[in-house]
**Q** 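My structure is below; once you've seen it, I'll send some questions.
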Amino acid sequence: MNKEQFVKKLDVALKKLPEGERLDILQDFQEHFSIGKEEGKSEEEIAESLGSPNQIAKELLATYYLEKVEDVSTTGNILRAVWAVIGLGFFNLVIVLGPFIAFVSVLLTGWVLAVAFIATPLLVVVNLAIYPDTFQYFDLFFSLALAGLGLLIAIGMVYATRFVATGFVRYLHYNAKLVKGGLQHG
Amino acid sequence: MNIQFKKGVLELCVLALLDKQDRYGYELVQKISDRIAISEGSVYPLLRRLKKEEYFTTYLQESKEGPSRKYYRLTEKGRGYLHQLIEEWQQFSIGVTELIKEGVRDE
């Protein structure tokens with residue numbers, strides 16, 4: 001691979017980054033190549049020791065998405081950051097995707113429970129509309145109690161969701177640090 | 001050498017090289033790869049990340065031989081972080097050395 005091929009591959013892999021940032025990165029590598037050539041190395045040698053442009057791009061993208069998640073943690077941003085960190089290596093598929101799915105399932109379960117409890121009085125009303133003669137006060141009061149409990153769970157879930165989201169972003173950071181590198185085995 | 005080892009110390013190496021003097025990217029990369037087998041390209045993402053975390057600043061300087069070079073200069077924050085890393089590293093390496101002495105049979 002010569003300089004042009006290397007820079008082009010890197011450029012394509014970084015197309016998701018903002019223009020300014022991308023040009024700045026490419027500039028760093030242009031500089032690296034020109035100093036290397038002054039020292040008498042060939043473009044191919046330099047590219048060889050730099051390693052895979054795709055791997056370098058993955059590391060840069062992971063840092064970029066983690067930063068964005070810090071500014072605004074929307075679902076989309078978190079998902080993109082999860083994906084970018086997973087992209088750093090297969091190892092991460094297990095240690096990032098695993099906990100991610102676990103956390104999301106637990107949160108989802110909590111929310112489903114809360115919504116179901118809140119909806120119970122409505123179900124009693126529906127039941128009453130269809131079979132008016134089966135009405136019992138017990139059903140009504142019990143469903144109201146469940147709805148109250150559901151509201152409390154929902155409030156709890158708001159905090160739990162926020163807590164898990166920030167905790168997970170922190171975990172992603174730690175993880176990206178752990179696997180940053182793309183270093184060769186010696 | 002184990003891949004995880006190197007990842008952890010690369011950050012420390014970069015910061016340590018900048019303690020006494022400012023250096024440009026190529027220089028940093030060569031200094032490290034002379035002693036540790038790494039994919040040289042992976043130093044650049046690290047440099048960008050450390051810059052974003054304000055551990056150093058950069059400036060351009062003309063060179064006699066060719067195009068201007070981007071120099072990296074350690075900030076006070078970076079120096080503080082370096083010393084924290086050095087301390088952690090020293091405790092870590094003392095611990096490992098002692099465990100080796102204790103656990104591995106002499107020849």
Side-chain angles (χ1 to χ4, degrees), chain A residues 1 6-7 9-10 13-14 17 21-22 24-41 45-64 66-68 70 84 88-89 91 173-186, chain B residues 1-15 22-72 81 84-85 88:
Chain A
M1 198 164 23
F6 182 94
V7 171
K9 270 196 180 171
L10 190 61
L14 292 175
L17 289 184
E21 180 126 11
R22 201 178 74 225
D24 197 32
I25 292 166
L26 294 178
Q27 179 60 40
D28 285 350
F29 284 95
Q30 305 268 15
E31 190 186 302
H32 187 93
F33 271 98
S34 56
I35 302 175
K37 273 198 275 186
E38 279 165 26
E39 305 209 329
K41 290 185 194 158
E45 277 174 284
I46 300 168
E48 169 76 18
S49 15
L50 278 174
S52 146
N54 286 329
Q55 183 61 34
I56 297 168
K58 273 183 195 170
E59 289 164 34
L60 289 162
L61 285 173
T63 315
Y64 171 71
L66 283 175
E67 229 172 90
K68 257 173 82 171
E70 254 173 30
L88 284 174
F91 173 62
H173 267 287
Y174 161 75
N175 211 258
K177 250 180 212 171
L178 197 74
V179 283
K180 86 190 161 217
L183 302 149
Q184 307 156 339
H185 289 276
Chain B
M1 188 181 171
N2 184 307
I3 186 168
Q4 298 297 338
F5 278 9
K6 283 190 248 173
K7 279 169 188 164
V9 294
L10 197 49
E11 194 167 284
L12 170 58
C13 295
V14 166
L15 291 167
D22 302 351
R23 294 178 194 270
Y24 53 94
Y26 187 88
E27 196 185 359
L28 282 170
V29 171
Q30 292 312 314
K31 285 256 177 212
I32 294 171
S33 69
D34 280 351
R35 309 226 173 155
I36 308 174
I38 52 163
S39 290
E40 296 184 356
S42 64
V43 177
Y44 287 99
L46 175 71
L47 289 174
R48 297 189 74 78
R49 192 168 56 73
L50 292 178
K51 188 194 170 185
K52 279 178 186 158
E53 289 175 18
E54 294 168 346
Y55 293 140
F56 41 68
T57 53
T58 58
Y59 60 95
L60 285 176
Q61 188 160 301
E62 299 296 322
S63 86
K64 281 155 267 163
E65 298 89 2
S68 55
R69 293 168 176 183
K70 193 199 255 183
Y71 277 79
Y72 295 82
Y81 183 53
Q84 181 200 328
L85 284 180
E88 284 171 13

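Chain A is the first sequence line, chain B the second, and so forth, proteins listed ahead of strands; every chain is numbered from 1.
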**Q** Pick one of side chain, backbone, both or neither for Ser68(B), based on which atoms fall under 4.5 Å of a heavy atom in chain A.
**A** backbone
**Q** Can you tell which part of Tyr64(A) gets under 4.5 Å to a heavy atom of chain B, answering side chain, backbone, both or neither?
**A** neither
**Q** In Å and rounded to the nearest 0.5 Å, what is the CG to OH distance from Leu50(A) to Tyr44(B)?
**A** 7.0 Å
**Q** Under a 4.5 Å heavy-atom cut-off, does chain A meet the side chain of Glu27(B), its backbone, both or neither?
**A** neither
**Q** Given that the side chain runs from C-beta out, which part of Glu39(A) has a heavy atom under 4.5 Å from chain B: side chain, backbone, both or neither?
**A** side chain
**Q** With respect to chain B, which residue among Ile46(A), Leu10(A), Ile25(A), Thr63(A) yields the maximal number of heavy-atom pairs within a distance under 4.5 Å?
**A** Ile25(A)
**Q** Under 30°, 30 to 60°, or over 60°: which ring-plane class applies to His32(A) and Tyr26(B), parallel, tilted or perpendicular?
**A** tilted
**Q** When you look at Asp24(A) and Lys70(B), which way does the side-chain contact (heavy atoms from CB on, under 4.5 Å) test go after all the steps?
**A** CA-CA 11 Å; Asp24(A) 197 32; Lys70(B) 193 199 255 183; 3.8 Å; yes
**Q** Who among Ala47(A), Gly36(A), Ser34(A) has the most heavy-atom pairs with chain B under 4.5 Å?
**A** Gly36(A)
**Q** What residues, two or more places apart in sequence or in another chain, satisfy ring pair (Phe, Tyr, Trp, His ring centres under 6.0 Å) together with Tyr55(B)?
**A** Tyr81(B)
**Q** Go through Arg48(B) and Glu21(A) one step at a time and tell me if the side-chain contact (heavy atoms from CB on, under 4.5 Å) criterion holds.
**A** CA-CA 10 Å; Arg48(B) 297 189 74 78; Glu21(A) 180 126 11; 3.8 Å; yes
**Q** Is Lys41(A) salt-bridged to Glu40(B), going by a charged N under 4.0 Å from an acidic O?
**A** no
**Q** Does Glu88(B) have any side-chain contact (heavy atoms from CB on, under 4.5 Å) partners at least two apart in sequence or in another chain, and if so, which?
**A** Gln84(B), Leu85(B)
**Q** Quick one: does Ser42(B)'s side chain get under 4.5 Å of Glu59(A)'s, heavy atoms only?
**A** yes
